Amino acid sequence: MADFLQTTRQRLVVFYFATIISVLAALGTQPLWAQSILPTTELSINQITVHAEIAATPASLKRGLMFRESLPPNHGMLFVFNQPQIQCFWMKNTPLPLSIAFIDEMGVITRITDMQPLSEQTHCPPGEVSYALEMAQGWFSQYGITAGTRIDNLPAPPKR
């Protein structure tokens, strides 16, 4: 009987460790902090509705879309700066190919550029901007959206 109990205990220990390792391996593909829920907004661009997560806190501005592997159709991330500034972006830890639109304080796109996954190449606006909108790569060109296009329903920058 003692051998049976020891074997059962060993099996339970192995089972629990295997379960824990499986869960940790699954979480390793996307860290828990990358799954945080951000506020969202609906933007309007040329009568197209965009569902955007809002990155406006220092942590969410830094994290962006890191570790994301896909975006639903017409979904993206809107970066909202507390004052107009030149803010450059890169794709470190971002496996998803993205296009970024830099947007001035009047809601007008000043530049759109494609960014390559996992690249540390920087992408900068031509001048100070209040917003940046990241969408799946090619989304802006698919809808004929170019520099000079206005985006409606942008949230006000946070007060700090």
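This chain uses plain numbering: 1 for the first residue, then up along the sequence. Note that the coordinates shown come from a computational prediction; the quantities given were computed from them, not determined experimentally.
Residues forming a side chain to side chain donor-acceptor pair (under 3.5 Å) with D152 (at least two apart in sequence, or on another chain): R150.
A side-chain donor-acceptor contact under 3.5 Å links Q85 to the backbone of Q83.
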Side chains of residues 115-136: which donor-acceptor pairs under 3.5 Å do they make with residues two or more places apart or in other chains?
from, atom 1, to, atom 2, distance (Å)
S119, OG, Q121, N, 3.0
Y131, OH, P155, O, 2.6

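W139 is listed as a side-chain neighbour of I48, based on a closest heavy-atom distance under 4.5 Å.
For the side-chain contact (heavy atoms from CB on, under 4.5 Å) with L154, the lone residue among V80, L78, T41 that qualifies is L78. With respect to L65, the side-chain contact (heavy atoms from CB on, under 4.5 Å) criterion is satisfied by exactly one of R63, R68, E69: R68.
We find the CD1-OG1 distance between I100 and T113 to be 8.5 Å, quoted to the nearest 0.5 Å. The NE2 atom of H75 lies 8.0 Å from the OG1 atom of T40; values are rounded to the nearest 0.5 Å. Annotation: the span from T149 atom OG1 to Y143 atom OH amounts to 14.5 Å, rounded to 0.5 Å. Once rounded to the nearest 0.5 Å, the distance linking CZ of F79 with CD1 of I103 reads 11.0 Å. Taking CD from E105 and OG1 from T110, the interatomic distance works out to 11.5 Å, rounded to the nearest 0.5 Å.
Surrounding CD of Q142 are more than 12 heavy atoms belonging to other residues, nucleotides or ligands, all under 6.0 Å away.
Taking every heavy atom of both residues into account, N46 and I145 meet most closely at ND2-CG1, 4.0 Å. Scanning all heavy atoms of the two residues, the minimum distance from S60 to L38 falls at CB-CD2, 3.8 Å. In this structure, A147 and I112 approach most closely via the heavy-atom pair N-CD1, 4.2 Å.
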* To do: Apply side chain to side chain contact (heavy atoms under 4.5 Å, CB included) to N74 and T49, showing your working.
  => CA-CA 7 Å; N74 296 336; T49 300; over 6 Å; no
* What's the verdict on side chain to side chain contact (heavy atoms under 4.5 Å, CB included) for Q137 and L98, showing C-alpha distance, side-chain angles and the deciding distance? -> CA-CA 4 Å; Q137 194 169 91; L98 299 171; 5.5 Å; no
* **Derivation and outcome, side chain to side chain contact (heavy atoms under 4.5 Å, CB included), residues F67 and N93** => CA-CA 6 Å; F67 306 105; N93 298 321; 3.9 Å; yes
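Hydrophobic clustering, with ILVMFWY side chains joined whenever heavy atoms are under 4.5 angstrom apart, keeps W90 apart from F102.
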